[in-house]
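First up is the structure itself, then whatever we jot down about it.
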Amino acid sequence: MHWSDVVAQRLSERGQKHIVSTGITPSGEFHIGHLREILTGDMIAKAAKKAGLDVEFVFIVDSADPLRKVYSFLDDSYSTYIGHQLKQIPPPNAEGRPDMERFDQGISYADHFLEPFRQALEQIDVRPRFIDNYEAYADGNFAETARIACNNADKIREIIERVSSRELSDDWFPWNPIDSKGSIDGIRVTGWNDPIVSWIDAEGNEGTSDVTKGEGKLPWRIDWPAKWAWIGVTMEPFGKDHGAAGGSYDTGKEIVELFGKAAPVDLTYEWISLRGQGAMSSSSGNTIGPLEALSLVPPEILRYLVASTKPNKAIEFDTGMGLVNLADEFERTTARDFSIEMQKEGLSRRQTVAIEDAKTALELSLISPLEETSKVTFRHLAMLAQTKSNDEDVWNSLGLAGNVAQSMIDRLDRMRTWIQSRHFPDELRITILEEPDVEAVGRLDGENLAILPTLVEALEACEWDASSIQSTISNAAKSRDMSPRHAYRALYLCIMGAERGPRLPTILTELDQSTIVNLLRACLEESVEP
RNA sequence: GGGCCUGUAGCUCAGUCAGGUAGAGCGUCGGGCUUUUAACCCGAUGGUCGCGGGUUCGAACCCCGUCGGGCCCGCCA
C-alpha cells in the first residue's frame, strides 16, 4: 500500500470528516524542502478523498511569528524589527533593506516571501485553503484557547517541563504580549486577569494585552495545539524537528486535551537536502527555490519525487544526472500498463505491492491527463534541444509537427533553461573536439581505420545537410561491405572523443563542414603515426 | 545525556510494519535495429543484504549487541 493510503486508512479508522493541515513560517526564501511539507499534506488529502472521506486541506502561514534575527540576506537595519511579527514589518528590497514603499501598499515581510511560493503551489497543482495566522489572532480565532492556556498556565508549564524535560523560567507565561514598540521579545508578564495580561517591557514600559484580540501570540508549543483546536485539524505532517521525543508534537498532544480536542494523526517526514551540499539553508544561500526547480523540470516530476519516496526517507535533490534519471523513471512509469502487470500470474506479495505503489505514485504526480504527455525521455530531449536551435526542428524530429501540446512546449522551454544553467550535467553536454584526442584516436579499431579515409573524402564532397550527411555515411560503409556502425564509431571517436553519441547528422549540419573535415584529416594522420 | 532515521548490485533505491528461493532502474558487457547510433528491442553481468550473536524448520525482515553515516532535542519553527 502506498504511504498516502496507509495514512488515509488510519484516518478512516478515526472518523469520516478530516482536516489535513500544513504550515510554514515565511521568515525567508522558501525552498524545495518546504515543498515536501505541503506536497505530503496534499497527497494525504487526495488519498483520504479517494478513500471516501470528507477532507479539507489547509495551509497555515505563520505570519504571527516574530523575526528571529537579522538573516544574512537582510540589511543590518532589520535589527530594529527583531521580535516583531512578520506580518507587521516591511518586506526587504533587492538590497535587503526595508522597502517602505511596498510596505505602504500593504505588502508585508510575510507576504513578500509567501507570494513566490503561492505561484509555485499553483504550478504544482496544490490548492489548499490558506490561513493567515496573524489574521486568525486578530479575528479572535485564538480567543478561547488563549484564555484556557492562561487560566491553566501551571498545567501547561508542568506538561512542557515534564515531557520535554526542559526547565522554564519563573516568569514564564503562556502568552507573548506585544510591547510598546511592537516586539514580543524581552517582555515580562506581570499579571493575568482574564482576558487581560499585564506586562512590563525591556525599557520598563508597562501595558496590557487582551488575549482574545490578538494583542500578542501564544508561544509556539501552545500556538500549535491551539491551531489544531480552533481549525479542527485531524492530520498533520511535520518535519523531523518537531517529531523528536519531547518535541513540540509530544507536548502539543497533551496540551490540546486542555482545549478539549484530540491530537491529530501525525506523520514525520525527513528533510530534502541538496546532493553534495548538505542540508538546505536559507542563510547560506544553499537552496533551490520552488520556482527555480520548476524552471528546470515539469511540476509532475517534483510531485513524483515526493510521491515515490516514503516520507521517512531523506531525499537528496540532485539537479544534475539525478534529475535526468528521475525524469526518465517518471516517463517510463507513465508508459506502464498496471492492469496488465497485475494480471500476471505468480506475483509475490512484494511484487504486487511494488506495482500498486508505482501506480499510486504516478496518480498522485499527474496534473494533466496522461494523453497529453509525451513519451520522449529527458535524455532524448536534452540532445534535441542542444542540436536544434529551432523549436520547429525539434517537433519535426519527434513527429509532432503541427500538433504540439502546451505541455511539450513547456518542457522544451525548461530544457533550454536547464541546459544554460549551472545545473546541467557535463555527461549530457555535447562537446565537439577542436583537435584530435590522441587517446580516443588510439581506440580506433581495424575497421574504423579502414573506413576513415573513405569517410573523409565522402564528407568533403557531400552536400552539408542532414539527410545527405546521413546517406553519405551509410553509403561509405556499404561501399566497403560493413555495417554503418563502424563508420559511426570512427566519427564519434574523432569528433567527440567517445565511442557513442547522439545522432550525428543533425549535429554536423550545425557545424562548419571544412572544420569537421580538417579534424578528421588530423585524426587520420595521428592514427598512422604510431 | 535522550531520541529518530539510515547501511541491500559499480550508482540510486525497493523489499523490513503480515519471516518463505535476494529485486528494479541506471551503469557495464554482448547482440539486434543493414540511414532516427546518448533512441529503441533482446540477452548477459553483477550482492558474505554493515558486523556478531539469538529466536525459528526457515531471517535482509523479529530480538539483543556492535560498528559506520545523517539528523533532531536552545520560546526554534
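Reckoned from all heavy atoms, side chains included, excluding hydrogens, waters and symmetry mates.
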Taking side-chain hydrogen bond (donor to acceptor under 3.5 Å, both in side chains) as the definition, give me every residue that meets it alongside Glu215(A), ordered by chain and number, with sequence neighbours left out.
none
Any side-chain N or O of Arg166(A) under 4.0 Å from OP1/OP2 of C73(B)?
no
Using Watson-Crick and G-U wobble pairs whose two distances are both under 3.5 Å, how do you write the pairing of RNA chain B as dot-bracket, with | for links to another strand?
((((((((.[[[[.)....(..]]]].(((((.......))))).....[[[[[..)....]]]]])))))))....
With Arg157(A) via side-chain hydrogen bond (donor to acceptor under 3.5 Å, both in side chains) - residues at least two apart:
none
So, for Ala358(A) and Thr333(A), which heavy atoms are closest and what is the spacing to 0.1 Å?
O-CG2, 4.1 Å
Residues at least two apart in sequence or cross-chain that pass side-chain hydrogen bond (donor to acceptor under 3.5 Å, both in side chains) with Thr22(A), listed by chain then number, are none
Under 4.0 angstrom, heavy atoms only, what part of the nucleic acid is Asp62(A) near: base, sugar-phosphate, or nothing?
sugar-phosphate
Please report the distance separating the C1' of C17(B) from the corresponding atom of A59(B), rounded so that it comes out in whole Å.
16 Å
A77(B) C1' sits how many Å from Asn176(A) CG, rounded?
14 Å
Spacing of the C1' atoms in C26(B) and C62(B) (rounded, Å)
33 Å
Residues in side chain to side chain contact (heavy atoms under 4.5 Å, CB included) contact with Ala47(A), at least two apart in sequence or another chain
Ser4(A), Asp5(A), Ala8(A)
Asp241(A): partners by side chain to side chain contact (heavy atoms under 4.5 Å, CB included), with sequence neighbours left out:
Trp271(A)
Calculate the interatomic distance between Leu168(A) atom CG and G74(B) atom P; express it in whole Å.
11 Å
Rounded to whole Å, how long is the line connecting atom NZ of Lys310(A) with atom P of U16(B)?
6 Å
I need the CZ-P distance between Phe113(A) and A77(B), as an integer number of Å.
16 Å
For G25(B) versus C72(B), give the span between their P atoms, rounded off to a whole number of Å.
36 Å
What is the distance, rounded to the nearest whole Å, between atom NZ of Lys69(A) and atom C1' of G74(B)?
13 Å
Remember a base hit wins even if backbone is also touched, and classify Arg221(A) as base, sugar-phosphate or nothing at under 4.0 Å, heavy atoms.
base
Could you measure between the two P atoms, the one in G20(B) and the one in U66(B), and give it in whole Å?
28 Å
How are the rings of His84(A) and Tyr81(A) set relative to one another: parallel (under 30°), tilted (30 to 60°) or perpendicular (over 60°)?
perpendicular
Quantified in whole Å, what is the C1' atom distance between nucleotide G46(B) and nucleotide G30(B)?
15 Å
For nucleotides 1-9 of chain B, give me every protein contact, N/O to N/O, under 3.5 Å, one pair per line with atom names.
unit_1: C5(B); atom_1: O2'; unit_2: Asn312(A); atom_2: O; d: 3.3

Both Asn475(A) and Ser308(A) contact RNA chain B. Taking the nearest nucleotide for each, which residue is further toward the 5' end?
Ser308(A)
Set of ring pair (Phe, Tyr, Trp, His ring centres under 6.0 Å) partners for Tyr488(A), sequence neighbours left out:
none
For the C1' atoms, the ones on C63(B) and on U56(B), what distance do you get once it is rounded to whole angstrom?
12 Å
Mind checking whether Tyr109(A) and Tyr78(A) have parallel, tilted or perpendicular rings, split at 30° and 60°?
perpendicular
Would you measure the distance from the C1' atom in C49(B) across to the matching atom in U36(B) and give it in whole Å?
42 Å
Provide, to the nearest angstrom, the distance between the OH atom belonging to Tyr269(A) and the P atom belonging to A77(B).
15 Å
Tabulate atom names and distances for all N/O pairs under 3.5 angstrom spanning the protein and nucleotides 23-33 of chain B.
unit_1: G25(B); atom_1: O2'; unit_2: Arg332(A); atom_2: NH2; d: 2.3
unit_1: G32(B); atom_1: OP2; unit_2: Arg485(A); atom_2: NH2; d: 3.4

Partners meeting side chain to side chain contact (heavy atoms under 4.5 Å, CB included) with His242(A) (sequence neighbours left out)
Trp220(A), Trp224(A), Phe238(A), Ser248(A)
Tyr492(A) and Asn448(A) side chains, donor-acceptor separation under 3.5 Å
no
Separation of C71(B) atom C1' from Phe238(A) atom CZ, nearest Å, is 15 Å
Determine the Euclidean distance between corresponding P atoms of U21(B) and U16(B); express it in Å to zero decimal places.
14 Å
Taking side-chain hydrogen bond (donor to acceptor under 3.5 Å, both in side chains) as the definition, give me every residue that meets it alongside Ser12(A), ordered by chain and number, with sequence neighbours left out.
none
Expressed in angstrom and rounded to an integer, what is the separation of Ile469(A) atom CD1 from U36(B) atom P?
16 Å
With sequence neighbours left out, what residues match Trp175(A) under ring pair (Phe, Tyr, Trp, His ring centres under 6.0 Å)?
none
Under 4.0 Å between a side-chain N or O of Arg489(A) and OP1 or OP2 of U37(B)?
no
